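Some notes on the structure that comes next.
In the text below, chain A, chain B and the rest are named by the order of the sequence lines, each starting its count at 1. Please read these numbers as outputs of a predicted model, since none were measured by experiment.
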Amino acid sequence: MNAHRYAPRAHGVAHGLARTLLALLAACAFSVPGSAAQGDGDNAGAGAEGVRLHDIAWPRSFGYRIGDTLPIRVTLEIDDGWVPDRDGLPEVGQGDRQFELRRLDVADARQRCARCRTYTLEWQLMKSVRAPQTLQRAPTTLRFRKDNQVQAVTVPAFAINAAPLLNWQARKDWINSVHPGYRAQNFDVNAPLLRAAGWTLTAAALLLAGLWAAGRLGGQRARPFARAWREVRALRRAHGRQADSDALALAFRALHRGCNETVGRTVFAVGLPDFLRDAPEFGDLADELAAAFAASRSMFYGLPPNARFARIDDLYRLLGALRDCERLHARRTPTSGNAPAPATAAVH
Amino acid sequence: MHSEPVDLSAWRTRALDFERQLNDVLVGMPRTVRLMTVAVFARGHVLLEGDVGVGKTTLLKAVARGIGGAYQRIEGTVDLMPGDLVYHTYVGDDGRPRVEPGPLIAQGSELSVFFFNEINRARPQVHALLLRLMAERTVSAFNREYRLPWMQVFADRNRVEREETFELPSAARDRFLMEISVETPDARDQLRGLMFDTRFHDADALIEKVTPATLDHTRLNDVAAAIQDTVQSSEVLDNYGVDLWLATRRPAQYGVRLSDVDIDEFIQSGASPRGVAMLVRAARVQAWLEGRDRLVPEDLHEVFFEAIAHRLCLSPIYENQRPLYARPFVAEVLRQIASP
């Protein structure tokens, strides 16, 4: 599409006089009043040679505020040899107190008809109103010439409703700033910042997925026995099922950490009843827990050896059962994810 | 001094019998009695604290009767001077002045229980004498040094009245193995018994029921040494004990928190090395009384508050409200410090 823009231009006094005389002559000779958009002149009739109005695309008639623009697209069917007369088109910057022409573009419109051209007059509302008000724009004349023939086309007057500006005082009021004709900015998906943000989001999503898979995300972190079970599973893998006493000690420590973090305090053997009172979901495993604690005391404090829980597999099974109880309890009571603060200090 | 080997098993039986007899005398105070028993076999001095008429004196008289040996008691007053503990003067029948040994040395080395009632009413000069007495178990008088090898000091501190009192300096407090709070029992039937059971109205008759010298006071030092040698600790428990100690010194580092308390400003100084050594000494006795020859964390817990709380130096703003903060602090230390 070929587009031409008419820029403002300076003109002298003599030039202006000549233009005025020509306009008067043309007005006397050819003008025919019309009530709508119409082609004026002796060739304006259907089938006559010259410039004929094809159609006008009007902007909406409401919801304007100062600074808004109103593009009026006038499509004319222009015969060969007809060109805009000198000073036959309004100049950019021209206007009245209410509207000012901000832009005048011309483009071929062969999709409309073979000789069609579209003139886009973009008026800008320059008046700020204190209350909703209807504003009138006077008719605009477009004048064309071929040799000594002059023909004018009048774009009729139009009216719009204007509204006062509103203060936008807070982000939450942003919706008030939206009005008819509001256009969001284009989203440039190729912008480097957006691409970087996209990669960052992807990496974050992968990280979250990894944490979720590793059981270290959100509510999973509030499942101390699940963590203890994973620790002991890792110990089994590293040391084998016949793990040495060091690995067994680490497994016992994992069990104790699980108990401590479950109730938010250090749990000793004598405190098991209190532990089970505070965490009744493990009640079915009370005997196993007591036996494990007794075995732990034997291992760590030199008490007579305990036959039970002498292998890491025994602890692995107990922690698995505790983990299952914990998970079941968490499903039944979703708020149980808010576990009490763990006893963290000096966990050996 | 005896040198025969100590049969700890037989002594444990005697100790539990001693404890049972005390529990017959003092209704509803099994923990207090246990702590007193621990103190007797740890050979440590005890600071008693409690309201008036809760049975402190009865408890001490019963303990003294069960231990055997001589018992002496002195009342702390604002005009009490150190000399009053060592000698007293009077005018004899012949009108001449007389100087006689005071309560500390009247019985010589046979003194086994020395009860200082309302110690905080005595002046700092008296506290200073007591400091040496507790540390060295000796006192100088009449140009000689008296040795009191079996003496245990039991001091009482009145916590209700504060007028004309002199707070014990931290050095003197640190000499006490434990500070034991003697409380009225809570259980309603026990309160009813104390109120209506005539058996409890005559404290002297109650004390008479305790078999004299159930424990031979002259053997207690040997028994105590044997207990300390026999009951063993472990590396894990040693580490746990050190963590407990450090948590009293640097609570914030160990995650110890108290509501409405700036924990960084709470402690001026934590437990002393002597304090934690006494803690372990008492814990070993507790383990022995429980029939074990190995220490477990519960032994430390059982005596931790009584052995440690009175050694903590709190910031002045909290010191005035020590009863309000000391027990929650110690409880929080035990809650936060973990051990297998």
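With salt bridges taken as basic N to acidic carboxylate O contacts below 4.0 Å, none links B:R257 and B:E332. Using a cut-off of 4.0 Å between Lys/Arg side-chain N and Asp/Glu carboxylate O, A:D274 and A:R265 are scored as not salt-bridged. For the pair A:E231 and A:R253, the salt-bridge criterion is not met [side-chain N within less than 4.0 Å of a carboxylate O].
Heavy-atom distances place no part of B:L246 under 4.5 Å from chain A, backbone and side chain included. If you measure heavy-atom distances from A:A249 to chain B, you find no contacts under 4.5 Å at all. If you measure heavy-atom distances from A:F300 to chain B, the contacts under 4.5 Å come from both the backbone and the side chain.
Checking B:D238 against B:S233 by side-chain atom types alone, a donor-acceptor pair falls below 3.5 Å.
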